[in-house]
Protein chains: 2
Amino acid sequence: MDSTVRPYSQVYDTLRKVGLRPTRQRLGLARLLFENGDRHVTAEQLHAEAAAANLRVSLATIYNTLNQFTGVGLMREVVVEPGRSYFDTNTTDHHHFFHEDTAQLQDIPGDAISVGKVPEPPAGTRVERVDIIVRIRG
Amino acid sequence: MDSTVRPYSQVYDTLRKVGLRPTRQRLGLARLLFENGDRHVTAEQLHAEAAAANLRVSLATIYNTLNQFTGVGLMREVVVEPGRSYFDTNTTDHHHFFHEDTAQLQDIPGDAISVGKVPEPPAGTRVERVDIIVRIRG
DNA sequence: TCAACAGATTAGAATCATTTTAAAGAAGAA
DNA sequence: TTCTTCTTTAAAATGATTCTAATCTGTTGA
């Protein structure tokens, strides 16, 4: 459990658990994503960050990896802007502030906001998820 | 006030009011959008619809027009899917169901849903708007 | 240990929605 | 009518994302 001695063991186990081969790229990206608290990243941002961390990963792999992590439930996709996708490492039930000026996402703690009345979904449908975006400006 | 005699007068006045020249294209699109109840359209959809109605408009103009209408407050943009924008003719305070299967948007009447606790925005920011998307499946 | 296979990565091309460009066309004022 | 300004348009450009086909790497079983 000593991360200075076995720095990759946690993300390694995580990847095994979800059935993704722990490759160099996935391990590196997983560390960037999951060992720095809750994060909201775009593909481009993560790509730049990987480069800065000396991790050589193609943009295609960044996209593959973000989609795979999202597919297995390690991340969530948040849609707030046309033409750009954000990925969130916090998969617990929560909502978001979106800073319109800086295009930054920020978690709203799960209990700081709630839906008053949940409306009845149309006949024959079920609610999959409720997303609340509070758009703010500086 | 007789729309069979002066079919364009309403949208004509609307365009004048917001300071947009009532051109053939804008008049035609405004009629499609505002004379058929509350609507949610993508640029492509509106383009197809215009063609079906024998209104010759380029896709660039569709985009220009939707953005202008949104800019002057005649419509609202709704972001629910990465890579596609929806425009809503209903500008009153309300939220949306999004059918994940069919990619259709549907209004939730303003009083059928509400935010319980509105969270305090981060220091130095103000709330611009709150968007709730209830994602549903068939 | 290592061969062999399935799965992963990659550069580059392709795609899709949207915006820009620059040229030609139409609306409004005088 | 004429001039000016705003619009429209086809076509090119852009930007994010996905696909393709070739190469590479983990994993497994002998």
Side-chain angles (χ1 to χ4, degrees), chain A residues 8-9 11-30 32 40-51 53-72 74-75 77-87 103 105, chain B residues 8-9 11-30 32 40-51 53-72 74-75 77-87 103 105:
Chain A
Y8 283 90
S9 68
V11 290
Y12 189 96
D13 293 348
T14 303
L15 291 180
R16 295 302 284 277
K17 207 166 298 168
V18 297
L20 290 172
R21 280 194 189 170
T23 63
R24 177 178 62 78
Q25 291 84 339
R26 292 209 271 236
L27 285 167
L29 294 176
L32 289 175
H40 304 93
V41 297
T42 63
E44 286 291 354
Q45 279 166 17
L46 184 58
H47 191 223
E49 208 174 309
N54 256 21
L55 176 67
R56 289 184 68 265
V57 197
S58 73
L59 192 53
T61 296
I62 300 275
Y63 276 104
N64 287 341
T65 303
L66 286 173
N67 286 326
Q68 288 154 353
F69 284 5
T70 301
V72 299
L74 291 177
M75 304 186 78
E77 189 172 4
V78 187
V79 185
V80 275
E81 277 195 319
R84 184 154 40 193
S85 271
Y86 289 80
F87 293 86
L105 270 179
Chain B
Y8 284 89
S9 68
V11 292
Y12 189 95
D13 292 347
T14 303
L15 291 180
R16 294 303 283 277
K17 206 166 300 170
V18 299
L20 290 172
R21 280 193 189 170
T23 63
R24 178 178 61 78
Q25 292 83 339
R26 292 208 271 236
L27 284 167
L29 294 176
L32 289 175
H40 304 93
V41 297
T42 63
E44 285 291 355
Q45 279 166 17
L46 185 57
H47 191 222
E49 209 174 308
N54 256 21
L55 176 66
R56 290 183 69 266
V57 197
S58 73
L59 192 52
T61 296
I62 300 274
Y63 277 104
N64 287 341
T65 303
L66 286 173
N67 286 326
Q68 289 156 352
F69 284 6
T70 300
V72 299
L74 292 177
M75 303 187 78
E77 189 172 4
V78 187
V79 186
V80 276
E81 278 194 318
R84 184 153 42 195
S85 271
Y86 290 80
F87 293 86
L105 270 179

Undergrad: Rounded to the nearest 0.5 Å, what separation is found between the CE atom of B/Met75 and the CD atom of B/Gln68?
TA: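 It is 12.0 Å, given to the nearest 0.5 Å.
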
Undergrad: Kindly point out which of D/dT18, D/dT8, C/dA17 is positioned nearest to the side chain of B/Glu44?
TA: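 Closest of the options to the side chain of B/Glu44: C/dA17.
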
Undergrad: Nearest heavy-atom pair of B/Val57 and B/Ala50: which atoms, and what distance?
TA: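 That closest heavy-atom pairing would be CG2-CB, 4.4 Å.
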
Undergrad: Rounding to an integer number of Å, can you tell me how far A/Leu29 CG sits from C/dA8 P?
TA: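 Going from A/Leu29 (CG) to C/dA8 (P), I get 14 Å.
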
Undergrad: Do side-chain atoms of A/His47 reach the backbone of A/Ser58 as a donor and acceptor pair under 3.5 angstrom?
TA: no

Undergrad: Side chain to side chain contact (heavy atoms under 4.5 Å, CB included) with A/Glu81: which residues, sequence neighbours excluded?
TA: A/Arg84, A/Tyr86, A/Phe98, A/Ala103

Undergrad: May I ask you to verify if any side-chain N or O of B/Arg26 is less than 4.0 angstrom from the OP1 or OP2 atom of D/dT7?
TA: yes

Undergrad: Applying the side-chain contact (heavy atoms from CB on, under 4.5 Å) criterion to A/Tyr63, which one of A/Leu66, A/Leu59, A/Thr61 satisfies it?
TA: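 So, applying the side-chain contact (heavy atoms from CB on, under 4.5 Å) to A/Tyr63 and each of A/Leu66, A/Leu59, A/Thr61, only A/Leu59 qualifies.
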
Undergrad: Starting from C1' on D/dC19, measure out to CG on A/Leu59 and report it in whole angstrom.
TA: 13 Å

Undergrad: Verify the contact: side-chain N or O of A/Asn67 to OP1 or OP2 of D/dT17, cut-off strictly under 4.0 Å; return yes or no.
TA: no

Undergrad: Within this structure, what is the CZ-to-P distance between A/Phe87 and D/dA16, rounded to whole angstrom?
TA: 13 Å

Undergrad: How many whole angstroms separate atom CG of B/Leu20 from atom P of C/dA27?
TA: 15 Å

Undergrad: Measure from OH on B/Tyr63 to P on D/dA13 and round the result to the nearest Å.
TA: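 Rounding to the nearest Å, OH of B/Tyr63 and P of D/dA13 are 19 Å apart.
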
Undergrad: Find the distance A/Leu46:CG to D/dT17:C1' and express it as a whole number of Å.
TA: 15 Å

Undergrad: From the list D/dA10, C/dA11, C/dT18, which nucleotide is the closest neighbour of the side chain of B/Ser58?
TA: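 Ranking D/dA10, C/dA11, C/dT18 by closest atom to the B/Ser58 side chain puts D/dA10 first.
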
Undergrad: Summarise protein proximity over nucleotides 25-30 of chain D in one line of letters, 5' to 3': B for base, S for sugar-phosphate only, - for none, counting protein heavy atoms closer than 4.0 Å.
TA: BBS---

Undergrad: D/dT8 P sits how many Å from B/Arg56 CZ, rounded?
TA: 14 Å

Undergrad: Determine the contact category for B/Ser85: base if any of its heavy atoms lies under 4.0 Å from a base atom, sugar-phosphate if only primed atoms, P, OP1 or OP2 are that close, otherwise nothing.
TA: sugar-phosphate

Undergrad: Could you state the atom-to-atom distance from CG of B/Leu27 to C1' of D/dT8 in whole Å?
TA: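 Roughly 14 Å, once rounded to whole Å.
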
Undergrad: Please check: side-chain N/O of B/Arg26 versus main-chain N/O of B/Thr65, any donor-acceptor pairing under 3.5 Å?
TA: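 A pair under 3.5 Å: no.
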
Undergrad: Heavy atoms from C-beta onward define the side chain here; which of C/dT10, D/dT9, D/dT7 lies closest to that of A/Asn64?
TA: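 The answer is C/dT10.
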
Undergrad: Any chance you could lay out the side chain to side chain contact (heavy atoms under 4.5 Å, CB included) test for A/Val18 and A/Phe69, step after step, and finish with the verdict?
TA: CA-CA 9 Å; A/Val18 297; A/Phe69 284 5; over 6 Å; no

